[in-house]
Amino acid sequence: MNLKNFFETIKTNLNGRPGQPIVLGAARTLAERAGLEAWIPRALLILLALMYTLPTLLAYVLLGWLLPETGDRTRGIFKGLAKWLEESIERLAEIGRDLLRGDQSSNGNPS
């Protein structure tokens, strides 16, 4: 593979599928507003995330939240994550309760 094909492959992968955001859609929205191809802000975002991970991720989420085009998607993702976290905590609490009370069905004693 020559260098030109290598960069074309990266560009194609960073552009994503037409009309579909890769994560929150903030990079595509910024690209459309600036008149750029989507791969440019995505590549910049990846480079910034490698050097300044936490500030870059916070800025990306904040952009996703504040941009009107991506706000609903971002809120939906975080609602789903909150629900998943809540269910996971409930499962862990149930496991902890079972361990603390010495679940009778697992120790071989008939009930």
Side-chain angles (χ1 to χ4, degrees):
M1 173 183 283
N2 65 28
L3 194 58
K4 183 179 179 185
N5 288 342
F6 174 74
F7 285 116
E8 280 299 317
T9 302
I10 290 174
K11 181 180 166 183
T12 302
N13 288 332
L14 286 176
N15 273 329
R17 292 184 212 141
Q20 183 179 2
I22 292 179
V23 181
L24 300 180
R28 179 176 292 280
T29 301
L30 291 176
E32 288 171 357
R33 288 183 177 197
L36 302 169
E37 290 187 49
W39 72 270
I40 296 170
R42 285 182 180 142
L44 181 61
L45 178 72
I46 291 168
L47 290 174
L48 284 171
L50 290 173
M51 295 183 288
Y52 309 104
T53 305
L54 188 59
T56 303
L57 290 176
L58 289 174
Y60 182 74
V61 169
L62 196 62
L63 276 172
W65 202 285
L66 295 175
L67 292 170
E69 299 91 337
T70 59
D72 290 339
R73 177 179 171 80
T74 303
R75 283 186 283 283
I77 287 172
F78 280 97
K79 283 179 186 175
L81 285 173
K83 184 66 176 169
W84 173 82
L85 184 61
E86 178 185 343
E87 290 173 357
S88 296
I89 290 170
E90 287 174 3
R91 275 187 247 129
L92 286 172
E94 185 177 324
I95 291 169
R97 283 190 299 271
D98 288 346
L99 288 172
L100 288 174
R101 81 172 162 235
D103 192 12
Q104 296 297 320
S105 61
S106 65
N107 63 12
N109 294 337
S111 297

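Just so you know, these numbers use all the heavy atoms, side chains as well, and skip hydrogens, waters and symmetry mates. Numbering starts at 1 and runs along the sequence shown.
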Minimal heavy-atom distance between Thr53 and Leu50, with the atoms involved, is OG1-O, 4.4 Å
Output for pair (Arg42 CZ, Leu36 CG), nearest 0.5 Å, gives 12.5 Å
Distance col, row Thr74:OG1 vs Leu62:CG, nearest 0.5 angstrom, shows 10.0 Å
Taken to the nearest 0.5 Å, the spacing of Asp98 CG from Glu94 CD works out to 5.5 Å
_In the structure I gave you, are the side-chain heavy atoms of Thr70 and Leu63 within less than 4.5 Å of one another anywhere?_
no
Of all heavy-atom pairs linking Ala31 and Pro41, the shortest is CB-CG, 3.6 Å
Sorted by chain and residue number, the salt bridge (charged side-chain N to carboxylate O under 4.0 Å, His left out) partners of Glu32 (sequence neighbours excluded) come out as none
To the nearest 0.5 Å, atom CD of Glu90 lies from atom CG of Leu85 at 10.0 Å
Between Arg33 and Leu67 the two heavy atoms that sit nearest each other are NH1-CD2, 3.5 Å
Shortest non-hydrogen pair, Thr56 vs Leu48, comes out as OG1-O, 3.3 Å
**Prompt:** Is any side-chain heavy atom of Leu58 less than 4.5 Å from a side-chain heavy atom of Leu54?
**Reply:** yes
So ring-ring contact (aromatic ring centres under 6.0 Å, His included) across residues 43-92, not counting sequence neighbours, yields Trp65-Phe78
The reported gap from CZ in Arg97 to CG in Leu99 (rounded to nearest 0.5 angstrom) is 11.0 Å
Rounded to the nearest 0.5 angstrom, the CG-CG distance for Leu45 and Leu57 is 7.5 Å
